[in-house]
Amino acid sequence: MAIPVVELRNVTKSFVEGDVQALRGVNLTIYKGELMCIMGPSGCGKSTLLNLVGALDRPTSGEILIDGVNLNDVENLDTFRSRKIGFIFQAFFLVPTLTALENVEIPMFDSGFVLPQEKTQKARQLLKDVGLEKKINQVPTRLSGGEKQRVAIARSLANDPAIILADEPTGNVDSKTSAMLIELLRRINQEKNATLIVVTHDPLIAAATNRVVQMLDGQIVGEKDPKSLLK
Amino acid sequence: MVLIQIVWKNLLRRKIRSVLTVIGIAVGIGAVVSLVSITDGFVHGWKNMIKGHGTDLTIVKAGTEANLLLNILDESLGDGLRQVPGLEAVTESLVDIATIEDKPSIMLFGYAAGGDYMNRLKFQTGGPITLDDKDEIILGSVLAKSLKIKVGDEIEVEREFMTVVGTCESSNVLENGAGIMSIKRLQKLMDREGKVTTFGIRLVNPSQMPEIKKEIETRFPSISALSTREFVDENEGVKMAQALSWGISLIVLLVGAIATMNTMFMSVFERTREIGILRALGWRKGRIINMIMQESIILSLCGGILGIFFGMGAVRMLNLFRQLRGLVQAEYTTFLFAEAIILALILGVLGGMLPAWRGSRMPPVEALRYE
């Protein structure tokens, strides 16, 4: 039986500035091991939804449950985020002064007590998993766009999170690198049984996922068959 | 990887800015170190001079403890003091300011010819004055050097000619830069016959000091009997120098804290998005504060350590000036170095607090949107 890992119950989000209602009663369940995609035009509320599911922000009303925990009951979202959620950003968001290895170690600082050498060992293994074992000591400026995103993917896996959120993960790379990154995300989903939620405009990425949710004007308006997006 | 490695890399990111901040703090701390060490050196030297005279208690006019030059006592008081039991020696001295050659405001000390104070001077050349009415003078080593005078030369003191009979080296800059005459001759020279500035008392048993002090002050209500420490610490000049040193330290603290704060604020603003990334990846507010505070404290501690060397260097530089040579006497103590480091630490904490607080308060969603 499929285990729900993310549950959104009648979630709304309003911003006082500009009097905008970004989300209007969103209900959504995402199951463990899913590789799913959220699509929709700019301003439809995808990023707001991602921020709420990523525990970066709190909803105006409604409930969000991650791995069975209601976020309304969580006082310290920082530690929760560190332990349960992995992030992959469009602009990579690597710390420029740190090496690839050190960047992957970053999420492990506040996820509970881990010895420094254990952190390093794990980061090294994750970089090996994404094919960057030879680049561990390179700073981001010496890495290509694809390599930077692979470091970011390795970083998102650092704490074995319940969910990985990817916001336009191929938005800053060429099509060849994009295909390689999609393949890597699929492999991670299959090998590690990781739950991946991808927000994208790119139908090629959406087609590579198992489920596509469509958003419009702050609401979920339906689901599409990923294969149909290739037509 | 541990946090300090990230902190270090953050500081090296803008090397010139970090170095300039460290130098700025070092100049401030250096000013504190040099001023306080010179004041301490002066106080220490003065105490040593009094101890060198073998004085346990110094008698001054009550109410004028703070200013040595305002202190005028009748010489005849000495006879009364000598009646107090438990005193081994009572030695009078006179202090005044005079013009020697073309140098105004030179301190002159008058000690009894052939007396205890005179005989305890450490002579470089020549020897003590043994007769009261002779036109003789002894010069402190610094004064003799600056006047280029040697034993046997004649010099003009307040329009009268005196023969230099000796040069002496003292542990105190005042005595080194002063002239020493027989007290009788000095009284005559300065029209202060029968007057003295202080009486120095040596006790038979120094452990009886509190009782004897009380006895003297009861017998002679118009005078105060001060221990060496009281006598030096009560001095107006010493108090002013100490107040000035610490006043400047406070200004340094304020300016340094603002400079550090400016650097840290710039650093935090520049890294808004980066801090947002760290927060998004689960770093607690406390860790962000810890990181920024460590950066601030490392900058200020480096400034503090460098400042100690700057301060010591400044004192050496002052001694290179011919006019000041030998007059600047610094006292470096572990306590002073600890004070400098603590001052730097306070500076780092004050300078880092606000930027750290601001950095930690940034909502990650907004920080990630920051361009």
Side-chain angles (χ1 to χ4, degrees), chain A residues 13 15 17 22 47-48 50-52 54-58 76-99 101-112 114-120 122-124 139-140 152 155-156 158-159 161 165 167, chain B residues 1-19 263-264 266-296 298-299 356-371:
Chain A
K13 180 71 186 176
F15 294 103
E17 259 177 67
S47 295
T48 306
L50 209 67
N51 289 339
L52 294 181
L56 288 168
D57 206 353
R58 290 188 187 270
N76 186 350
L77 286 182
D78 304 334
T79 310
F80 181 84
R81 218 166 33 238
S82 171
R83 288 179 184 166
K84 297 284 183 185
I85 297 156
F87 287 97
I88 302 165
F89 301 99
Q90 179 179 358
F92 323 122
F93 286 168
L94 300 179
V95 179
T97 48
L98 303 182
T99 63
L101 187 74
E102 289 164 341
N103 264 290
V104 177
E105 287 182 47
I106 286 284
M108 291 186 258
F109 267 84
D110 277 329
S111 59
V114 188
L115 287 171
Q117 57 266 38
E118 282 177 29
K119 275 190 239 173
T120 308
K122 185 161 188 191
R124 202 182 287 271
V139 288
R155 182 179 66 184
S156 73
N159 292 324
L165 305 175
D167 189 3
Chain B
M1 181 179 57
V2 287
L3 186 63
I4 191 74
Q5 288 171 280
I6 299 177
V7 166
W8 194 244
K9 286 186 176 191
N10 284 339
L11 289 173
L12 293 179
R13 183 188 309 215
R14 295 257 189 264
K15 287 189 193 78
I16 292 176
R17 187 171 66 197
S18 296
V19 168
T263 300
M264 293 317 299
M266 279 173 73
S267 167
V268 168
F269 282 134
E270 276 173 9
R271 288 185 288 158
T272 298
R273 180 185 275 184
E274 200 176 300
I275 290 169
I277 297 168
L278 296 174
R279 297 272 289 115
L281 297 177
W283 274 34
R284 287 176 287 110
K285 285 177 185 170
R287 188 169 295 279
I288 300 287
I289 289 176
N290 193 353
M291 177 179 76
I292 297 169
M293 288 303 288
Q294 279 193 37
E295 289 174 25
S296 177
I298 286 177
L299 279 180
W357 179 80
R358 196 192 175 282
S360 74
R361 300 279 297 175
M362 271 189 248
V365 176
E366 279 174 36
L368 287 173
R369 262 192 239 126
Y370 187 84
E371 293 291 339

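Worth saying up front: this structure is predicted, and the values here are computed from it rather than measured. Below, read A as the first sequence line, B as the second, and so on, with proteins coming before strands; counting in each chain starts at 1.
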- Salt-bridge contact Lys285(B)-Asp78(A) (side-chain N to carboxylate O under 4.0 Å): no

- Query: Charged N to carboxylate O below 4.0 Å: is that the case for Arg13(B) and Glu270(B)?
  - Reply: no

- Please flag which part of Leu12(B) lies under 4.5 Å from any non-hydrogen atom of chain A: side chain, backbone, both or neither. neither

Toward chain B, the part of [X] with a non-hydrogen atom under 4.5 Å:
X	result
Phe89(A)	side chain
Asn159(A)	neither
Arg83(A)	neither

- Within-4.5 Å side-chain heavy-atom neighbours: Leu299(B) and Ser18(B): yes

Please report, to 0.1 Å, the donor-acceptor pairs under 3.5 Å made by any side chain of residues 102-110 of chain A, with sequence neighbours excluded.
from	atom 1	to	atom 2	distance (Å)
Glu102(A)	OE1	Thr99(A)	N	2.9
Glu102(A)	OE1	Thr99(A)	OG1	3.3
Glu102(A)	OE1	Lys9(B)	NZ	2.6
Glu102(A)	OE2	Lys9(B)	NZ	3.0
Asn103(A)	OD1	Val95(A)	N	2.7
Asn103(A)	ND2	Val95(A)	O	3.1
Asn103(A)	ND2	Leu98(A)	O	3.2
Asn103(A)	ND2	Thr99(A)	O	3.2
Glu105(A)	OE1	Met1(B)	N	2.8
Glu105(A)	OE2	Thr120(A)	OG1	3.3
Asp110(A)	OD1	Arg284(B)	NE	3.3
Asp110(A)	OD1	Arg284(B)	NH2	3.0
Asp110(A)	OD1	Arg287(B)	NE	2.9
Asp110(A)	OD1	Arg287(B)	NH2	3.0
Asp110(A)	OD2	Arg284(B)	N	2.9
Asp110(A)	OD2	Arg287(B)	NE	3.0

